[in-house]
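To keep things clear, I will list the structure first and then write my remarks on it.
Each ligand, and each atom within it, is numbered from 1 in the order the structure gives. Counting begins at 1 with the first residue of the sequence.
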Amino acid sequence: MKTILAPPTEENLARAAQFIKQGLLVGMPTETVYGLAADAGNEQAVKAIFTAKGRPQDNPLIVHISSLDMLEKLAESVPEIARRLAEAFWPGPLTMILPKSQQVSDTVTAGIGTVAVRFPSHPVAQRLIALSGCPIAAPSANLSGSPSPTRAEHVLRDMVGRIPMILDGGECQVGLESTVVSVSEDLVRVLRPGGITVDDLLTVASRVEVDGAVLHQLEAGRVAASPGMKYKHYAPKAQVTIVEGNLSAFYQYAAAHQESVTYCMVFDGEERNAPLPCITYGSKDDQRAQARELFDCLRRLDDLGAQTVFVRSPSREGVGLAVYNRLLRAAAFRVVSL
Ligand code: AMP
Ligand code: MG
């Protein structure tokens, strides 16, 4: 199959919506990461998502909407707290887990009784959903296990020959996947951290808890609240280690443990006078910049042929919690404290 990389003109959007209506997949820019979009109501199209990505069947998809009317059809009921969260953070990088309606197929939800719903803020995503006229199931548009795509070229790399079209919406503004929450009465539980932070959620909910799987490896036999959290994820080909400590201790450790092709992933400015080759991922105090750059850095490390990577540990404040969560998985939970 030929894959077209196209700017999101009205003509190309109409063409993309036509592909969706035919049950094909389209690379769609959103404010979080690029999505692999399909008609959520078309069983064959949804199955094709799993095939194109090589995604495990038990990892459910997020359904994207472009109006609140679409929400009512997907969710069996919408609790009061979810309505308040929607009002505060939609459109935006927040996904809510809600009881699913009969309309939503078990293929979309991997057989779970709930459905994950998000209303993206990216104008191209909104327009594509509206033109397609249906809720859109869309996971990140990468091959399963590799870093999520934050630029159209990343999607092209992973999906060339597998999908007919990618809409090029430039670089994603958040750069990490959405915050995923489950809700019950006044409690909001963060299953996956993202661009909407715990502090943001606290402006609406009186209680916010972070699920244990966000920062810890799931024990064998335990069921994941968010199935995606159990997989090794976001990983470049290199062995990645997060190293906690001050900069000089970090470089000392990296120099002592370097192997054939070793890189350090450090904050902006820290690459000066470094004893090893470095790439940078945003300034130390700017968690949003780190989030934006993280996945592109992980992909560049692959291009550089890195085999061993040592990463400066980010702060877990604000969006930093999401950055740290993704790095932990890229590192398969290898963390060294100096
Ligand atoms: P991705 O589409 O690659 O961003 O992954 C979607 C994430 O949402 C995965 O981590 C899933 O585990 C999570 N998710 C989707 N649907 C549900 C659901 N019904 N319950 C819990 N987590 C979900
Ligand atoms: Mg993904």
Tell me which part of Lys53 gets within contact of ligand 1: side chain, backbone, both or neither, using heavy atoms under 4.0 Å.
-> neither

Closest to atom 6 (C) of ligand 1 among His64, Arg118, Arg55 (heavy-atom distance) | Arg55

Could you list which atoms of ligand 1 come closer than 4.0 Å to a heavy atom of Pro139?
-> 2 (O)

Residue pair Arg162, Thr51: steps toward the side chain to side chain donor-acceptor pair (under 3.5 Å) verdict = CA-CA 9 Å; Arg162 296 169 190 252; Thr51 312; over 6 Å; no

Near Asn59, which atoms of ligand 1 are under 4.0 Å from a heavy atom of that residue?
-> 9 (C), 11 (C), 12 (O)

Sequence neighbours left out, what passes ring-ring contact (aromatic ring centres under 6.0 Å, His included) with Phe89? Give chain and number order.
-> none

Heavy atoms only: which of Val33, Val104, Ile97 is nearest to atom 20 (N) of ligand 1?
-> Ile97

Under a single-linkage definition using a 4.5 Å side-chain heavy-atom cutoff for Ile, Leu, Val, Met, Phe, Trp and Tyr, are Met96 and Ile112 assigned to the same hydrophobic cluster?
-> no

Can Asp302 and Arg157 be said to form a salt bridge (Lys or Arg N to Asp or Glu O under 4.0 Å), step by step?
-> CA-CA 12 Å; Asp302 273 347; Arg157 265 282 179 105; over 6 Å; no

Is Lys47 close to Thr107 at the side-chain level, that is, under 4.5 Å between some pair of heavy atoms?
-> yes

Using distance alone, decide if ligand 1 has a nitrogen or oxygen within less than 3.5 Å of any nitrogen or oxygen in Glu177.
-> no

Does Arg207 pair with Glu185 as a salt bridge, N-O distance under 4.0 Å?
-> no

Is there a heavy atom of Lys100 sitting under 4.0 angstrom from any atom of ligand 1?
-> no

Any atoms of ligand 1 less than 4.0 Å from a non-hydrogen atom of Ala116? List them with their elements.
-> 15 (C), 16 (N), 17 (C)

Using a cut-off of strictly less than 2.8 Å, determine whether Ser140 has an N/O/S atom near the Mg ion (ligand 2).
-> yes

Would you say Thr109 touches ligand 1, if touching means a heavy atom closer than 4.0 Å?
-> no

Val336: which other cluster members, linking ILVMFWY side chains closer than 4.5 Å, directly or transitively?
-> Val243, Leu247, Phe250, Tyr251, Tyr253, Val266, Phe310, Leu338

With a cut-off of 4.0 Å, which atoms of ligand 1 are near a heavy atom of Thr114?
-> 18 (C), 19 (N), 20 (N)

Hey, does Pro120 have a side-chain heavy atom less than 4.5 Å from the side chain of Ile129?
-> yes

